Amino acid sequence: MVGNYSMIRHIKEYAKENNIPIMVDDGIDFLTTLVLKKKATNILEIGTAIGYSAIMMALVDPKVRVTSIERDEVRYLEALKNIKAFELEDRITLIYNDAFHVKLDDKYDLIFIDAAKAQNIKFFEMFEHNLKSGGIIVTDNLKFHGLVAQEEDTIKSKNLRGLVRKIKEYISFLKSNTKYDTEFFDIGDGISVSTKK
Ligand code: SAH
Ligand code: MG
């Protein structure tokens with residue numbers, strides 16, 4: 001019997017070897033604590049990668065159910081494998097598709113946006129109707145490895161500059177969105193928590 005701890009370590013090693021940007025340790029601690037504190041039992045995740053954050057959230061409590069969307073086939077298949085290894089198939093539902101093609105009717109306590117960083121506003125607007133009132137939308141990577149705080153002209157790559165600009169736009173969008181109270185946390189790679197009023 002392989003314990004959860006060593007299976008989690010294995011997932012983290014696989015992510016490192018294959019350059020898969022899973023949540024960093026203090027980020028995942030923050031997220032799982034939030035799931036616990038908010039008693040979130042129905043969770044939607046945009047961006048499964050290999051299932052790490054979905055599994056960690058599901059392990060918070062046996063009542064937790066996660067639906068998670070991933071568009072990359074290799075990652076989706078790896079996530080399926082990992083979820084089976086944890087015997088969480090009945091509580092984690094994976095959707096293999098581009099999130100922009102996914103229409104959901106369910107309502108969730110927590111929506112976790114952790115996919116293409118330039119698309120955060122679109123993901124937010126597309127899935128906010130799936131949020132219960134009093135529910136929260138959590139977004140990862142608002143610091144984008146420190147690049148968001150960096151002077152723009154010191155970022156050499158044009159693509160990265162564009163991405164950083166989009167993340168800044170998303171932060172302004174959250175700050176000016178009066179339907180939500182948003183708090184920003186300098187934890188992990190930068191996390192926002194937007195509570196629906
Ligand atoms: N939440 C994961 C990490 C996700 S990494 C964890 O912490 O364990 C971001 C993932 O989002 C990538 O695997 C990428 O393929 C996926 N992604 C990006 N844009 C997407 C989209 N439009 N639809 C579905 N998945 C997307
Ligand atoms: Mg992330």
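The shown structure was predicted, so the numbers you read here are calculated from the model rather than taken from an experiment.
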* Asked: Does the salt bridge (Lys or Arg N to Asp or Glu O under 4.0 Å) test come out yes or no for K132 and D109, once each step is laid out?
  -> CA-CA 6 Å; K132 288 181 192 168; D109 307 301; 2.9 Å; yes

* Asked: With no hydrogens and no angle check, do the side chains of T48 and E70 hold a donor and an acceptor under 3.5 Å apart?
  ->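 No, no side-chain donor-acceptor pair sits under 3.5 Å.
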
Return yes if some donor-acceptor pair links the side-chain N/O of [X] with the main-chain N/O of [Y] below 3.5 Å, else return no.
X    : Y    : answer
K107 : H129 : yes
R91  : K63  : no
N82  : G51  : no
D140 : D114 : no
K38  : L36  : no

Mind checking the [atom1]-[atom2] spacing from [X] to [Y]? Nearest 0.5 Å is all I need.
X    : Y    : atom1 : atom2 : value
L131 : I136 : CG    : CD1   : 8.5 Å
H10  : I8   : NE2   : CD1   : 12.0 Å
I95  : I46  : CD1   : CD1   : 8.5 Å
N130 : D105 : CG    : CG    : 7.5 Å
L31  : S53  : CG    : OG    : 7.0 Å
I28  : I187 : CD1   : CD1   : 13.0 Å

* What do you reckon, is CG of D106 surrounded by more than 12 foreign heavy atoms closer than 6.0 Å? ->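 Yes, CG of D106 has more than 12 neighbouring heavy atoms, counting only those of other groups under 6.0 Å.
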
If every non-hydrogen atom of [X] is compared with every non-hydrogen atom of [Y], which pair is closest and at what distance?
X    : Y    : answer
I137 : I113 : CG2-CD1, 3.7 Å
F127 : I111 : O-CD1, 3.4 Å
R75  : N19  : NH2-O, 4.1 Å
S194 : T182 : OG-OG1, 2.9 Å
A99  : M126 : O-CE, 3.3 Å
I20  : A49  : CG2-CB, 3.7 Å

With a 4.5 Å cut-off on side-chain heavy atoms, are [Y] and [X] touching?
X    : Y    : answer
R165 : K168 : no
F185 : D26  : no
L94  : I83  : yes
Y108 : T67  : yes
L88  : L59  : yes
L44  : I69  : yes
F112 : M23  : yes
D189 : L142 : no

Side-chain heavy atoms nearer than 4.5 Å, only ILVMFWY residues, links allowed to pass through others: does that put [X] and [Y] together?
X    : Y    : result
V148 : F173 : yes
V24  : I191 : no
V60  : Y52  : yes
V64  : F30  : yes

* Asked: What residue pairs, at least two apart or across chains, pass side chain to side chain donor-acceptor pair (under 3.5 Å) with a residue in residues 170-179?
  ->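 Side chain to side chain donor-acceptor pair (under 3.5 Å) check on residues 170-179 returns T139-Y170.
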
* Under 6.0 Å between ring centres, would you say that holds for F124 and Y180? ->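 Ring-ring flag for F124/Y180: true, centres closer than 6.0 Å.
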
* Asked: Got a sec, which residues hit side-chain hydrogen bond (donor to acceptor under 3.5 Å, both in side chains) with K12, two or more places apart in sequence or on another chain?
  ->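 Counting only residues at least two positions away or on another chain, K12 forms a side-chain hydrogen bond (donor to acceptor under 3.5 Å, both in side chains) with D25.
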
* Stepwise salt bridge (Lys or Arg N to Asp or Glu O under 4.0 Å) test for K156 and D153 -> CA-CA 7 Å; K156 296 218 160 53; D153 53 14; over 6 Å; no

* Residue pairs fulfilling ring pair (Phe, Tyr, Trp, His ring centres under 6.0 Å) with at least one residue in residues 62-104, sequence neighbours excluded ->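 For residues 62-104: Y76-Y96, F100-F123.
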
* salt bridge (Lys or Arg N to Asp or Glu O under 4.0 Å) assessment of K196 paired with E128 -> CA-CA 9 Å; K196 194 173 177 180; E128 64 175 326; over 6 Å; no

* To do: Could you tell me whether K81 and E78 have a side-chain N and a carboxylate O separated by less than 4.0 Å?
  =>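 Result for this pair is yes, salt bridge flagged.
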
